[in-house]
Amino acid sequence: MGEIQLHNTLTNRKEPFVPLRPGEIRMYTCGPTVYDFAHIGNYRTFVFQDILRRFLHSRGFRIDQVMNMTDVDDRIIQNAAERGISIFDYTAKYIQAFKEDMSALSLEPPEHLVRATDHIEDMVKLIESLEAKGFTYRSEGSIYYRISKFPGYGKLSKVDLGGIQAGARVDVDRYEKADARDFALWKAPKPGEQSWETRLGPGRPGWHIECSAMAMKYLGDTLDIHTGGIDLAFPHHENEIAQSEGATGHPFVRTWLHAEHLIIDGEKMSKSLGNFFTLRDLLQKGHKPSTIRYLLASVPYRRQLNFTSDSVQQAASSVERLRNFVARLKEGKFPPGINAEMRKRAEHAEADFEAGLADDLNTAVALAAIFDLVRDVNTAIDRSEFRQQDIQPVLAAMRKFDAIFAVLEDNDESKLRALGFAPSRTELSPEEVETLIAERQAARKQRNFKRADDIRKELEVRGILLEDTRDGGVRWKNK
Ligand SMILES: [Zn+2]
């Protein structure tokens, strides 16, 4: 297998990827701010980091990944205050929702999914060490990071610090490049706001310090990979670097990976334009979790993803096509023997799939390799050139594909039900079930596997599970 190349935002180059410790990858991902349901743009980044993690795992690396959940920040405090509840009561619902969404999208849970408010002491320690090294100053009960003290400030986002006034400060967690300023590590308490009594005095952490503190607590001073959406490169990741490297004197992250934006019908997603979707909005409209996962994964992460109703439709039919293909291989009757060409074809597809992913996770190239295989095998089957012993190598290639893309298992219905989106379902009488089963058996006899599979799916949607018996008959039961 060829070497893995990843595009490092820090050097602005594609580079061979080699972890610091052989066989092991320590990786941090900026997780959600749990002030609302996560939107589809957030999930683009999370699906990307899942594809990355699955791919690295498939190459034999052990992964140690931290993802944070920001459960204290400006917006959370404001929203909780408006409702008159604690930030903990406010965020509980969205933390739960995020975990459910992750499982709907088949995102592998990171080794550490951690909350900021459980790590206040780690942040206090980190701020103390920055204070001891002279990177900070205090003003009106808050503690700020003096960016002019850190010579590397701006190296990730290439922000121009030319016009910056020494000592100009910013108190909000999110701001634009033009406002590159000294930022708050620790914020003085305000009446009615959640605050903590600490050695630094009362107050609450700024947003940026949490990621530095949690990343280094679990993964050490230097990480192999840090991922996030491109909008986090400045100021958030720039500030993480300044905090971590200021405190330890060691490089914080060797490879920074940033996912591009997702846009909707060519426009930036925004609540005011009415084109703002959470994952749940899309599932509510009847889209399958596998469709959304596939769509988000199919565009290489450094390319902007234009989310349109056409692209959703295409993703749905791509998943359908792949599932039908696997069903055809598993259920079809093929003449005995082997066609050596087929094994070669499958191995070739696997190699191309692998090479696409190794090239900075080019999922478009990887998918093309799989669809070429599907087309060629379907053609061979139609021409009766496909034999029994060709099934296994082709299925092996499909398993390799699905270890990364995770869309082949037909479990959308149960995932939707788990989120409370049960599809409206009309009851079938036992006679109707029997009629459909007979129709399916007839279709199979005629080798019309597409039709047979459609009937099986239709029954499944309506709550009927089929079980093929050894004597060639079929049993059915209610789900
Ligand atoms: Zn972060």
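Whatever order the structure lists them in is the order used to number ligands and atoms, beginning at 1.
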Donor-acceptor contacts under 3.5 Å from residues 363-372 side chains, at least two apart:
| from | atom 1 | to | atom 2 | distance (Å) |
| --- | --- | --- | --- | --- |
| T363 | OG1 | A297 | O | 2.8 |
| T363 | OG1 | S298 | O | 3.3 |
| D372 | OD1 | R375 | NH1 | 3.4 |

(request) Ignoring hydrogens and angles, state whether a donor on the side chain of D360 or Q5 is under 3.5 Å from an acceptor on the partner side chain. (result)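 Looking only at side-chain atoms, Q5 and D360 do not form any donor-acceptor pair under 3.5 Å.
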
(message) Short of 2.8 Å from the Zn ion (ligand 1), name each protein N/O/S atom, waters not counted.
(response)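 For the Zn ion (ligand 1), the protein N, O and S atoms that sit under 2.8 Å away are C30 SG, C211 SG, H236 NE2.
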
How are the rings of [X] and [Y] set relative to one another: parallel (under 30°), tilted (30 to 60°) or perpendicular (over 60°)?
X: Y94; Y: F37; answer: perpendicular
X: F401; Y: F353; answer: perpendicular
X: H258; Y: W256; answer: parallel
X: H208; Y: F183; answer: perpendicular

